[in-house]
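Here's the structure, in structure tokens; my notes come after.
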Amino acid sequence: MERRVEALVVGGGLAGLSAAYFLARRGLRPWVLEREAPLSCTSDKSTEAYRLFWPGDEDLAALVRESLDLLSPFAGVARPNRRGYLYVGRLEALEAMALEAPHAGPLRVHREAATYPKEAASGLDLLLPGALGEVFPYLGHLRGLGGLHVRPAGWLSAQGLGMALLEGLRALGGRLVFGEFLGVEREGGWARSARIRREGREEAWPFGLLVLAPGPGLPRALRALGHPLPLTAEPHFKAWFPDPEGRFPREAPLLIWNEPQEIFAPEERALLEEEAELAPLLGLLPPGAHGRPEGEGFLALYNPLPREEAAPSGCLPSPPPFAGEVALRGLFPLLPGLRALLGVRPRVDGGYYVRTPENRPLLGPLEEGVWVLGALSGYGVMAALGAGNALAAWALGEEVPAWARAFAPGRFLDPAYRPKEGAARFQL
């Protein structure tokens, strides 16, 4: 290949397109290398949700705040709403979460619906028992439990945002090319060319700047370069159920059951205990079942015991046959009427969540000329713009905020590094 690539971004998901877009905004002409169709892996396999609420992790909150600030030019296609996240469970647990998130705004406590600010754009509203059912009547059956409504939060169109980034990149002189990243060729020990497979042929592409943002392909890419960082990949699945009767309220925020639960009744467990795949799901499961309205139905997500893979071989995991029913059952405490949908066949898909041990991203330099942007496990949609902008600024020598440097991959080489567990505890 005769032409030198100014900036080669590996990965055409939201993170890669964001990095390429903000590099182009700074005068480069990036090429985005993608093996599949753009935005076809994890980027469109989530709830497409966003939240500024990150208990115990001010840096992640700052990253998402930056992303929300950068979202304004894309609002027409991303269509973000402000319905919020509603965590439901025991008051002491909800209050403890709120106290760990001072960045999310003031905590307002409500004993009755009259004081609840329905249109609030920010802050935390703790609804005490009684008030919860007054504000959200479909939760009135939950006696003795409260709700924590956090805002700004909601969901948006990941596809709309991604396509806008791609169009913006092309308008600025960047381009999307199809091929597979195989590794690098080195000169004097430094990475100088990328090895690419295109249409059955291998090529060497000299580059000025290389950004690794291949989503689920990140563990393999890092190993190919000799940077085996502590990453795992977790398959996560979502199920869309048709709901013409409106059993999941169309006006609801993103609902989260914040309590451990058993999803099978004793008589069901007796029948299923010989099923090896289901055995881990027959006991007490952790909190985290969540769902939201979507079109003429709703999305249900609950992956209580996701398995770990060191390096996925493909883009998308295959959902187990019971994934949809497990997600549906996880929502029964919130909306008992959903039991009527047992036996309804949902549409199920999923993606890999690549994560570090503490579930904080990788953002920063790997070696001279090589950068990484990934491990955005469970928050890629809400963090992509801020992460891409920070990486572009850092790679071109601009000053970046302390929160961005906190995500540098070099932290794992520091024996004094003590991971924060906030993000890991509050991943959905």
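Keep in mind that the numbers below use all heavy atoms, side chains included, and drop hydrogens, waters and symmetry copies.
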Can any side-chain N or O of Glu112 pair as donor or acceptor with the backbone N or O of Ala114 at less than 3.5 Å? no

Do you know the tightest heavy-atom contact between Ala191 and Val370? CB-CG2, 3.9 Å

Is there side-chain contact between Glu185 and Trp205, with heavy atoms separated by less than 4.5 Å? no

Once disulfide (SG to SG under 2.5 Å) is applied, what residue pairs with a partner in residues 328-359 remain, sequence neighbours excluded? none

Taking C-beta and beyond as the side chain, do Val10 and Glu34 meet within less than 4.5 Å on heavy atoms? no

For atom CZ of Arg198, is the number of surrounding heavy atoms from other residues, nucleotides or ligands below 6.0 Å larger than 12? yes

Below 4.5 Å, heavy atoms only, C-beta onward: do Ile263 and Tyr302 meet side chain to side chain? yes

If I take atom CZ from residue Phe22 and atom CG from residue Asn389, how far apart are they, to the nearest 0.5 angstrom? 4.5 Å

Are side-chain heavy atoms of Pro361 and Leu373 found at a separation under 4.5 Å? no

Heavy-atom nearest pair, Leu124 first then Ala104, reads CD2-CB, 3.7 Å

Quick one: do the Tyr417 and Glu358 side chains pair a donor with an acceptor below 3.5 Å? yes

Taking C-beta and beyond as the side chain, do Leu8 and Val211 meet within less than 4.5 Å on heavy atoms? no

Side chain of Gln261, backbone of Leu285: donor and acceptor closer than 3.5 Å? no

Between Tyr379 and Tyr353, is the gap from one ring center to the other below 6.0 Å? no

Would you tell me whether Ser46 and Glu48 have side-chain atoms, one donor and one acceptor, within less than 3.5 Å of each other? no

Contacts of type side-chain hydrogen bond (donor to acceptor under 3.5 Å, both in side chains), residue Arg307, not counting sequence neighbours: Glu309

For Phe136 and His149: C-alpha separation, side-chain torsions, deciding distance, then whether ring-ring contact (aromatic ring centres under 6.0 Å, His included) applies. CA-CA 11 Å; Phe136 300 101; His149 196 189; 5.6 Å; yes

Establish, yes or no, whether a centroid distance under 6.0 Å links the rings of Phe241 and Phe248. no

Looking only at atom types and distance, does a side-chain atom of Glu100 sit under 3.5 Å from a main-chain N or O of Pro55, one as donor and one as acceptor? no

Do Ser18 side-chain atoms and Ala384 backbone N/O form a donor-acceptor pair below 3.5 Å? yes

Against the six-membered ring of Trp403, is Arg405 placed for a cation-pi contact (under 6.0 Å from the centre, within 45° of the normal)? no

Output, in order, the C-alpha distance, side-chain angles, deciding distance and verdict of salt bridge (charged side-chain N to carboxylate O under 4.0 Å, His left out) for Glu325 and Arg329. CA-CA 6 Å; Glu325 183 172 331; Arg329 285 173 175 268; 2.7 Å; yes

4.5 Å side-chain heavy-atom contact, Phe407 and Asp59: yes

Distance from Trp257 atom CH2 to Leu142 atom CG, nearest 0.5 Å? 5.5 Å

Between Leu338 and Leu328, is there a side-chain heavy-atom distance shorter than 4.5 Å? yes

With no hydrogens and no angle check, is any side-chain donor or acceptor of Arg175 less than 3.5 Å from a backbone partner on Trp31? no

Could you tell me the separation between the CG atom of Leu222 and the CG atom of Leu362, rounded to the nearest 0.5 Å? 7.0 Å

Identify the two heavy atoms, one from Glu202 and one from Arg195, that lie closest to each other, and give their separation to 0.1 Å. OE1-NH1, 4.1 Å

Please check if the number of heavy atoms outside Arg186 that lie under 6.0 Å from its CZ is greater than 12. yes

Measuring from Leu14:CG to Cys41:SG, what's the distance to the nearest 0.5 Å? 11.5 Å

With a 6.0 Å cut-off (strictly less than), is the heavy-atom count around CD of Glu267, excluding the residue itself, greater than 12? yes

If you look at every heavy atom in Pro357 and Arg355, which pair is closest and at what distance? O-NH2, 3.3 Å

Aromatic ring pairing Trp394/Trp371, orientation class (parallel under 30°, perpendicular over 60°, tilted between): perpendicular

Before giving the answer on side chain to side chain contact (heavy atoms under 4.5 Å, CB included), spell out for Phe181 and Leu212 the whole-Å C-alpha distance, their side-chain angles and the decisive distance to 0.1 Å. CA-CA 10 Å; Phe181 176 76; Leu212 299 178; 3.9 Å; yes

Candidate pair Leu128 and Val109, rule side chain to side chain contact (heavy atoms under 4.5 Å, CB included), full reasoning: CA-CA 7 Å; Leu128 302 185; Val109 180; 4.0 Å; yes

Any sub-3.5 Å donor-acceptor pair from Arg83's side-chain atoms to Ala252's backbone N or O? yes

Which heavy atom of Arg82 sits nearest to which heavy atom of Ala121, and what is that distance? NH1-CB, 3.4 Å

Without placing hydrogens or testing angles, list every side-chain donor-acceptor pair under 3.5 Å for residues 288-297, not counting sequence neighbours.
unit_1	atom_1	unit_2	atom_2	d
His290	ND1	Gly288	O	2.7
His290	ND1	Leu301	O	3.4
Arg292	NE	Thr47	O	2.9
Arg292	NH1	Glu294	OE1	2.6
Arg292	NH2	Thr47	O	3.0
Arg292	NH2	Glu294	OE1	3.3

Would you find a donor on one side and an acceptor on the other, under 3.5 Å apart, between the side chain of Asp349 and the backbone of Phe237? no

Main-chain N/O of Arg151 paired with Ser122 side-chain donor or acceptor, under 3.5 Å: no

Stepwise, does the side chain to side chain contact (heavy atoms under 4.5 Å, CB included) test hold for Leu281 with Leu305? CA-CA 8 Å; Leu281 300 171; Leu305 302 170; 4.3 Å; yes

Between Phe53 and Tyr85, is the ring centroid distance below 6.0 Å? no

CZ (Arg79) and CG (Leu156) are apart, to the nearest 0.5 Å, by 9.0 Å

Could you report the tightest heavy-atom contact between Val348 and Pro319, atom names first, then the distance? CG1-CB, 3.7 Å

Find out whether Leu182 and Ile196 are in side-chain contact, i.e. whether some heavy atom of one side chain is under 4.5 Å from a heavy atom of the other. no

Counting N and O atoms only, with roles assigned by atom type, does the side chain of His141 sit under 3.5 Å from a partner on the main chain of Pro333, one being a donor and the other an acceptor? yes

Looking only at atom types and distance, does a side-chain atom of Arg339 sit under 3.5 Å from a main-chain N or O of Gly337, one as donor and one as acceptor? no

Can you check side chain to side chain contact (heavy atoms under 4.5 Å, CB included) on Leu342 and Phe332, steps first, answer last? CA-CA 11 Å; Leu342 281 173; Phe332 287 173; 3.9 Å; yes

Could you tell me the separation between the CG atom of Leu71 and the CG atom of Leu161, rounded to the nearest 0.5 Å? 6.5 Å

